[in-house]
Amino acid sequence: MPKPDEQELVKDLYKVLKINDRKLWTIPAANLYPHQWLWDSCFIAIGLRHLDVDRAKTELTSLLRGQWSNGMLPHIILTLGSRDKEVERGYLNPYSPHDVATSGLTQPPMLAEAVVQIGKKLRSAERRTWYAQMYPHLLSYHRWLYHDRDPHNEGLVLLLHPYESGLDNTPPWISEMRKHSMPWWVSAIESLHLDGLVNLFRRDTKQVPPGQRMSNVEAAAYWAVLRRIRRKAYNSEAILSRSLFSVEDLAFNCIFIRANECLEQIAKAIGKELPADLGQRIKKSREALDQLWDDQHSEYFSRSFVSHKLIEEPSIATLLPLYSGAISKERAQHLVNMLKKRRTFGASWPVPSVPLNSSYFDAHKYWQGPTWVNTNWLIIEGLKRYGFNEEAAALRDRTVEMVAKSGPYEYFSPLDGSPAGAENFSWTAALTIDLLKS
Ligand code: GLC
């Protein structure tokens with residue numbers, strides 16, 4: 001295949017960001033995702049910084065309008081007047097803001113990374129001003145993550161809903177949900193084969209073929225989890241006192257470890273010192289990642305917060321310790337071998353969201369098979385960090401080729417690179433721009 005004309009491609013991708021631009025933020029995709037999402041805006045800013053650094057900054061500062069007074073950053077800031085306000089009901093929690101409607105969940109903490117990536121595009125005085133503006137917000141966000149989501153000071157933070165992982169229906173979450181949070185009525189619907197009824201209430205399957213989204217049973221069970229934690233007004237202590245469904249998610253913790261490093265970098269650049277207690281917890285997190293390693297499988301897994309049992313289901317998260325930067329060179333080499341292995345992640349259009357030999361694998365099904373550009377970006381960063389430059393360049397080239405051939409869709413079949421999910425998807429466009437311009 002001829003190499004895509006990179007300049008033309010950047011222009012086309014930028015058009016996607018313009019289509020989804022809502023002046024102060026960018027929606028992930030029209031119709032399917034009409035609000036502002038937390039980690040989407042971070043990925044979008046990482047791409048936008050090459051074309052319009054001020055707009056990239058605005059993408060991130062607009063996230064702060066949703067920040068709760070306890071530091072929490074919600075995973076969605078809803079578009080004014082949307083009916084989804086009554087689905088999310090972030091307002092039930094006393095810390096939520098009064099002037100915007102938000103969800104009561106969070107999402108992977110990519111913000112510090114995005115702040116630093118923008119910083120790389122600024123002269124040093126401007127960079128310091130930028131960092132000083134963002135620092136207090138990042139500080140209270142990271143403190144909230146420890147205070148609220150690591151109640152036993154283990155070094156690993158917990159999540160209360162699969163949507164918080166950003167990898168919604170990846171196998172570890174589905175298997176844990178089936179064990180601990182399957183409402184009787186969803187089991188009944190499933191065993192009576194009535195799950196088609198759930199479609200009547202779903203909006204996503206009206207936009208995208210149902211075979212490319214999560215199943216009706218998964219969607220109904222996730223809805224039930226949301227309702228349960230919403231009833232507790234998103235108070236994590238109250239939720240945890242009654243629930244076994246809580247996960248120390250591997251991907252989230254890897255991203256948090258890296259984010260903490262970015263926070264340290266930001267603090268240093270503006271001559272601040274992180275509070276001592278935070279510094280200690282950050283150190284502990286780097287060490288705690290090792291607890292998610294399983295000797296028997298030679299793999300990292302997510303872990304149940306309650307039972308402390310590893311959830312032995314591989315997924316794209318398996319490779320993200322590379323991005324954390326907190327593992328040994330030997331472990332990194334081991335993950336690179338897995339990345340290349342044909343039976344697991346070595347697909348024609350890598351990297352599949354679950355290994356090819358997983359019983360969950362389905363080439364077009366959301367987080368149960370397809371290749372996503374954001375996780376490719378994280379893996380590329382991780383490869384570079386450990387000096388696997390050839391592998392990073394190969395994955396970068398193949399990702400660009402896939403997007404050039406199929407268009408900026410939400411995800412792609414790892415078998416033939418064909419597109420699936422939403423069209424004109426913002427983070428696919430933005431991160432491909434970043435891969436082309438970095
Ligand atoms: C889906 C993805 C999530 C993303 C959101 C908006 O829910 O699973 O990671 O943030 O869409 O694009």
Side-chain angles (χ1 to χ4, degrees), residues 38-39 68 70-76 88-90 92-93 95 103-109 141-184 186-187 214 218-257 259 281 284-285 288-289 291-294 300-315 317-318 320 367:
L38 174 55
W39 77 330
W68 289 17
N70 61 357
M72 201 275 261
L73 280 174
H75 91 303
I76 305 177
E88 305 295 337
R89 298 189 200 176
L92 293 173
N93 189 290
Y95 296 113
S103 70
L105 309 172
T106 193
Q107 238 185 359
Y141 177 40
H142 286 218
R143 291 195 100 160
W144 172 80
L145 277 166
Y146 278 120
H147 178 261
D148 201 81
R149 298 307 185 86
D150 181 15
H152 301 158
N153 196 0
E154 295 179 27
L156 296 168
V157 296
L158 62 90
L159 303 184
L160 296 168
H161 194 290
Y163 291 155
E164 297 198 302
S165 73
L167 314 175
D168 306 358
N169 65 338
T170 38
W173 278 100
I174 296 297
S175 83
E176 200 63 6
M177 185 267 295
R178 284 191 173 276
K179 260 192 220 145
H180 296 302
S181 202
M182 193 68 171
W184 66 266
V186 180
S187 302
M214 60 169 79
E218 289 165 1
Y222 279 17
W223 158 248
V225 183
L226 184 72
R227 226 177 42 159
R228 183 168 52 72
I229 61 183
R230 208 176 66 181
R231 244 187 264 130
K232 304 271 183 214
Y234 297 105
N235 175 323
S236 54
E237 221 179 303
I239 296 163
L240 287 167
S241 72
R242 295 290 296 270
S243 170
L244 298 176
F245 188 48
S246 164
V247 171
E248 291 166 339
D249 182 79
L250 174 59
F252 194 105
N253 277 285
C254 289
I255 290 171
F256 190 36
I257 288 171
R281 295 190 84 153
K284 191 161 191 176
S285 291
L289 186 58
Q291 295 173 33
L292 302 184
W293 172 260
D294 183 67
Y300 288 93
F301 291 119
S302 291
R303 183 168 83 171
S304 156
F305 169 70
V306 178
S307 70
H308 264 199
K309 285 213 174 85
L310 293 175
I311 305 164
E312 295 172 4
E313 287 290 350
S315 73
T318 305
L320 294 184
W367 289 102

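It should be emphasised that the depicted structure is a prediction, and the values quoted were computed from it without experimental measurement.
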Sequence neighbours excluded, the answer for side-chain contact (heavy atoms from CB on, under 4.5 Å) partners of R178 is I174, M182, E190, V217

Looking only at atom types and distance, does a side-chain atom of T170 sit under 3.5 Å from a main-chain N or O of L167, one as donor and one as acceptor?
yes

Decide yes or no for [X] and [Y]: does some side-chain heavy atom of the first lie under 4.5 Å from some side-chain heavy atom of the second?
{"X": "S165", "Y": "F252", "value": "no"}
{"X": "H142", "Y": "F256", "value": "yes"}
{"X": "F301", "Y": "P172", "value": "no"}
{"X": "L240", "Y": "S246", "value": "yes"}
{"X": "P151", "Y": "E237", "value": "no"}

Output the distance between atom [atom1] ([X]) and atom [atom2] ([Y]), rounded to the nearest 0.5 Å.
{"X": "L159", "Y": "T106", "atom1": "CG", "atom2": "OG1", "answer": "8.5 Å"}
{"X": "R89", "Y": "I229", "atom1": "CZ", "atom2": "CD1", "answer": "13.0 Å"}
{"X": "N70", "Y": "W144", "atom1": "CG", "atom2": "CH2", "answer": "7.0 Å"}
{"X": "L250", "Y": "S315", "atom1": "CG", "atom2": "OG", "answer": "7.0 Å"}
{"X": "D249", "Y": "L156", "atom1": "CG", "atom2": "CG", "answer": "10.5 Å"}
{"X": "F305", "Y": "E154", "atom1": "CZ", "atom2": "CD", "answer": "5.5 Å"}

By salt bridge (charged side-chain N to carboxylate O under 4.0 Å, His left out), E248 pairs with (sequence neighbours left out) R303

Results of salt bridge (charged side-chain N to carboxylate O under 4.0 Å, His left out) for E164 - residues two or more places apart only:
R149

Are side-chain N/O atoms of D148 and S236 paired as donor and acceptor at under 3.5 Å?
yes

Any side-chain donor near an acceptor of the partner, S103 and H75, under 3.5 Å
yes

Determine, stepwise, if the pair I255 / W39 fulfils side chain to side chain contact (heavy atoms under 4.5 Å, CB included).
CA-CA 11 Å; I255 290 171; W39 77 330; 4.1 Å; yes

More than 12 non-hydrogen atoms from neighbouring residues, nucleotides or ligands closer than 6.0 Å to NE2 on H147, yes or no?
no

Shortest non-hydrogen contact from [X] toward [Y]:
{"X": "V306", "Y": "S243", "answer": "CG2-O, 3.9 Å"}
{"X": "P162", "Y": "F245", "answer": "CD-CE2, 3.9 Å"}
{"X": "Q107", "Y": "G166", "answer": "NE2-CA, 4.2 Å"}
{"X": "R228", "Y": "S181", "answer": "NH2-OG, 3.5 Å"}
{"X": "L92", "Y": "A233", "answer": "O-CB, 3.7 Å"}
{"X": "N253", "Y": "G155", "answer": "OD1-O, 4.3 Å"}

Report the C-alpha distance between D150 and L145 in whole Å, list the side-chain angles of each, state the deciding distance to 0.1 Å, and finish with yes or no for side chain to side chain contact (heavy atoms under 4.5 Å, CB included).
CA-CA 7 Å; D150 181 15; L145 277 166; over 6 Å; no

Taking the six-membered ring for Trp, are Y163 and W173 ring centroids under 6.0 Å apart?
no

When L289, L310, D294, L320 are each screened for side chain to side chain contact (heavy atoms under 4.5 Å, CB included) with Y300, the one that passes is L289

Assess the residue pair I311 and S175 against the criterion (side chain to side chain contact (heavy atoms under 4.5 Å, CB included)); give the C-alpha distance rounded to whole Å, side-chain angles, the decisive distance to 0.1 Å, and a yes or no.
CA-CA 8 Å; I311 305 164; S175 83; 3.5 Å; yes

What's the verdict on side chain to side chain contact (heavy atoms under 4.5 Å, CB included) for Y222 and M177, showing C-alpha distance, side-chain angles and the deciding distance?
CA-CA 8 Å; Y222 279 17; M177 185 267 295; 3.9 Å; yes

